[in-house]
Number of protein chains: 2
Amino acid sequence: MQGASRLKEELTNPSNPQRSTSGVKRSRELRHALLQRKIQDNPFLTDSEIASILGVSIHTVRLDRLALGIPDSRERTRMVAEKVFSTVRSIRSEEVVGELVDVVLGKSGVSILETTQDMTLERTGVVRGHYIFAQADSLAMALVDSDVVLTGLANIKFKRPVKAGEKLICKAEVIRKKGNKYVVLATTRSTSGQVFRGKFVLASLEDSAGVGSAKEGFSG
Amino acid sequence: MQGASRLKEELTNPSNPQRSTSGVKRSRELRHALLQRKIQDNPFLTDSEIASILGVSIHTVRLDRLALGIPDSRERTRMVAEKVFSTVRSIRSEEVVGELVDVVLGKSGVSILETTQDMTLERTGVVRGHYIFAQADSLAMALVDSDVVLTGLANIKFKRPVKAGEKLICKAEVIRKKGNKYVVLATTRSTSGQVFRGKFVLASLEDSAGVGSAKEGFSG
DNA sequence: CCTCGTAATATGAGTGCATCATAATACCTA
DNA sequence: TAGGTATTATGATGCACTCATATTACGAGG
């Protein structure tokens, strides 16, 4: 509603009488931009919803979508769902942060995390520490050859701030194993060098152990 | 295709001539179970696809869905998409993980985090460590009276696993400050006692310092 | 001033995937 | 063989589109 009136104003406002067709074109481009933004931050909008938001007819919206190569709402929805679903799936059921490559159970492994704007603190543009932590923690957990693995202790150091867009490669290695306790050393680097280092102490629990009964706490 | 033949066999196989209607019912329940599983691991399946997979007519599939309260494929797709979308959202907009209550800048503070199923490892039902870490880290950062704060070091221990639904109360205190370095001690407890303990070393940077130029790395 | 072209709208046919209500048929078993 | 449940079918309807083809509005250029 608000968007509609704003754009309508833009469109019908007699001020700024841009010469020739460029004025018209301008307003359409403006609408295109707005449309893209609206769809970006709510991909589920249906054509008619968009139409009323933009204050134009549904046909215009369709033409605009066509011009901009934006698929219909069902398709958009499907894409969102599929993307998530596939990442979630391919990463051994979403539980892992980052993409596992080359894991040798009980030995060592590598995981890659593409950082995005979503992961940053807005003010600083720096990737939040817990994503980096989660990548390493996830990898460490993946190394332990057991169904139920909990993290007990971690000793971590952030060496350098990471900006959105950097690709983080985390290597981890089991350096000690005693009973059901594993000590994993993980280091994460970006193109520009080492970024993070962490030592994790993990425990594998057999189902019989029962998570609730774990004396020495630990967390998933 | 494979599923179809398998189920069809089950359905038409003259062996196991279960007495009375129970035989028929059994196969339907079997189909229901299969249907649920199929949909679970591919929510995008359309009725007719399911029909051919199960080797029954499309009508049967619809009846089954109705009986099981499973929405149609578009709805399912939308749900998947929405869920992902909203999680991405909530992590993005929440610079702070957990709700801040009672923060005294530079001194101490408390944060509350209601844990949910989303935060758990499916297998164990235990809340993932990085949420707990993030809560404490966020609180620690909030205590530092500066626009730009980065975490450099953390020494953490997970005392006890946390189940979804537990409300986590994290208390943090600045225990040392030297120049732009802060040392914060955080402890998290649930109704059932202490859950987590962490010592964080944070650095506040004035904008002039420039995040990129930070020699001793640190991360947001 | 009027015409021409572009942008915006409209109309109508057709599609995919569904719902809902109401038959019709198959098949088991009592 | 009759009855009842499970399955399949039919037809009407809905939503959110696509695609092709008008029609209308309007701002310049000749």
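As the structure is a computational prediction, the values presented were derived from the model and not from experiment. Letters A, B, ... mirror the listed sequences (proteins, then strands); counts begin at 1.
- Checked against D/dT7, C/dC20, D/dT18, the side chain of B/Leu66 finds its nearest nucleotide in C/dC20.
- With rounding to whole Å, A/Leu63 atom CG is found 15 Å from D/dT21 atom P.
- Using a 4.0 Å heavy-atom distance criterion, A/Ile58 is classed as making no nucleic acid contact.
- Between the P atom of C/dC17 and the CD1 atom of B/Ile50 lies a distance of 12 Å, rounded to the nearest Å.
- Heavy atoms only, all atoms of each residue included: B/Ala81 and A/Thr77 are closest at CB-O, 3.5 Å.
- Taking for each of B/Ser57 and A/Ser48 the nucleotide of DNA chain D with the nearest heavy atom, the 5'-most of the two is the partner of B/Ser57.
- Side-chain nitrogen and oxygen atoms of A/Thr46 include at least one within less than 4.0 Å of the OP1 or OP2 phosphate oxygen of D/dC17.
- For B/Thr151 (side chain) and B/Leu202 (main-chain N/O), no donor-acceptor pair under 3.5 Å exists by modelled atom type.
- If you take CG of A/Leu54 and C1' of C/dA7, they are 15 Å apart, rounded to a whole angstrom.
- Atom CZ in B/Phe44 sits about 16 Å away from atom C1' in C/dC17, given to the nearest Å.
- In this structure, the CZ atom of A/Arg78 is 15 Å from the P atom of C/dG16, given to the nearest Å.
- Remark: A/Arg62 is not in phosphate contact with D/dC19, judged by side-chain N or O atoms under 4.0 Å from OP1 or OP2.
- In this structure, CG of A/Asp64 is placed 7 Å from P of C/dA8, rounded to the nearest angstrom.
- Residue A/His32 contributes atom NE2, which lies 10 Å from atom C1' of C/dA7 at whole-angstrom precision.
- Atom NE2 of B/His130 is separated from atom OG of A/Ser138 by 6.5 Å, given to the nearest 0.5 angstrom.
- Using a cut-off of 4.0 Å between Lys/Arg side-chain N and Asp/Glu carboxylate O, A/Glu75 and A/Arg65 are scored as not salt-bridged.
- The NZ atom of A/Lys171 sits 10.5 Å away from the CD1 atom of A/Ile112 when rounded to the nearest 0.5 Å.
- Using a 4.5 Å cut-off on side-chain heavy atoms (C-beta onward), B/Phe133 and A/Ile156 make contact.
- For A/His59, the listed nucleotide lying nearest its side chain is C/dT9; candidates were C/dC20, C/dT9, D/dC17.
- Here CG of A/Asp64 is found 7.5 Å from CG of A/Leu54. Values are rounded to the nearest 0.5 Å.
- For B/Arg74, there are no salt bridge (Lys or Arg N to Asp or Glu O under 4.0 Å) partners, not counting sequence neighbours.
- Side-chain contact between B/Asp47 and B/Asp72: absent, with no pair of heavy atoms (C-beta onward) separated by less than 4.5 Å.
- Residues B/Gly109 and B/Leu143 come closest through the heavy atom pair N-CD2, 3.6 Å.
- Proximity note for B/Asp47 (side chain, C-beta onward) versus C/dT9, D/dA16, C/dA18: the nearest is C/dA18.
- Nucleotide C/dC17 holds its P atom 15 Å from the CD1 atom of B/Ile39, rounded to whole Å.
- Between A/Thr60 and C/dA8, a side-chain N or O to OP1/OP2 separation shorter than 4.0 Å is absent.
- Both key distances under 3.5 Å define a Watson-Crick or G-U pair, and stretches of 3 or more such consecutive pairs in DNA chain C run C:1-30 with D:1-30.
- Of the residues in residues 67-77 of chain A, those placing a heavy atom less than 4.0 Å from an atom of DNA chain C are A/Arg74, in numerical order.
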